[in-house]
Amino acid sequence: MANANTSAGAQGPPPQLSPESAPLFSEGISLVLSRWSSLQMAIENEWGGRGSRALAEQLGPDIFAWFTQSKETLYIDDLENILDEGMLSLNAMIEDGSIEEVAERLMVMHEECLEGNYESIIKLRETRPQAVAGSHIRQSVNGDNDDDDSTDDDDDSSNMMVDTPESNSQSNSVNVQASEVRPSVAAEAEDGWTVVSSKRKGKRN
């Protein structure tokens, strides 16, 4: 019987999803991403420009292709890199640990689909996405430097810097609480999720 340690840690090509499981897993990926507050914030604020939504929508197919077309062992580190690169394409730097949570949720969901277990996907269908709020997320803008003329709200409690792409060095600080936007991806961590393997030697920053 498949488990998270098998496809994430065993050597060789990963097991393939059945024709029935594949479309459901694709739907599950979309549902998880639609409930990722940091991603939705980047879309709503168009941090990647007017094509932000299109860039974000491409992330789902890229993740699905990685799971279904990889010829080598699936490591959660690689999935985290895909998520990180996807957010960077939207000029967003994630600092709330949600990338790791989303990656683990997707790895476990993949294992469940291999076993014909779609309960987590069904639960996601039945839950409403939470309203987008603040997060430990910072917009990355080319040319950003410490000589910025703007000093608005420069205080220690600021967790997010938002620089509008069309402006020149204008920035706003927004006070937020990370607990408000922690995605629901870790909500079931205590319900028997299998810990997936990682090839990293040290903790990601």
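Note that the structure is a prediction, hence the values are computed from the model and not measured. Side-chain atoms are counted along with the backbone in the values below, which use heavy atoms only and exclude waters and symmetry mates.
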Answer yes or no: is there a side-chain heavy-atom contact under 4.5 Å between [X] and [Y]?
X	Y	value
Arg35	Leu31	yes
Asp78	Asn81	yes
His110	Leu74	yes
Trp36	Glu101	no
Arg125	Glu27	yes

Which pair of non-hydrogen atoms, one from Ala56 and one from Leu39, has the smallest distance, and what is that distance?
CB-CD1, 4.0 Å

Nearest heavy atoms of Ile76 and Ala103, plus distance in Å:
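Reported closest heavy-atom pair: CG1-CB, 3.8 Å.
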
Partner of Val102 by side chain to side chain contact (heavy atoms under 4.5 Å, CB included), out of Leu79, Ile63, Val32
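Answer after filtering Leu79, Ile63, Val32: Val32.
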
Would you call Arg105 and Glu112 a salt bridge, taking side-chain N to carboxylate O under 4.0 Å as the test?
no

When rounded to the nearest 0.5 angstrom, what is the spacing between [atom1] in [X] and [atom2] in [Y]?
X	Y	atom1	atom2	value
Glu80	Tyr75	CD	OH	14.0 Å
Met41	Leu90	CE	CG	12.5 Å
Ile29	Leu59	CD1	CG	9.0 Å
Leu83	Ser38	CG	OG	11.0 Å
Met93	Ile99	CE	CD1	10.0 Å
Asn117	Leu24	CG	CG	11.0 Å

With a 3.5 Å cut-off and sequence neighbours excluded, list the donor-acceptor pairs that the side chains of residues 13-23 form with protein atoms.
residue: Gln16; atom: NE2; partner: Pro14; partner atom: O; Å: 3.4
residue: Ser18; atom: OG; partner: Glu20; partner atom: N; Å: 3.4
residue: Ser18; atom: OG; partner: Ser21; partner atom: N; Å: 3.0
residue: Ser18; atom: OG; partner: Ser21; partner atom: OG; Å: 2.9
residue: Ser21; atom: OG; partner: Cys113; partner atom: O; Å: 3.0
residue: Ser21; atom: OG; partner: Tyr118; partner atom: OH; Å: 2.7

Determine whether the side chains of Trp47 and Ser52 contain a donor N or O and an acceptor N or O closer than 3.5 Å.
no

Criterion side chain to side chain contact (heavy atoms under 4.5 Å, CB included) on Asp62 and Gln58, from CA distance to verdict:
CA-CA 6 Å; Asp62 288 347; Gln58 184 57 41; 2.9 Å; yes

Can you tell me how the ring of Phe64 sits relative to the ring of Phe25, calling it parallel under 30°, perpendicular over 60° and tilted otherwise?
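It falls in the tilted class, 30° to 60°.
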
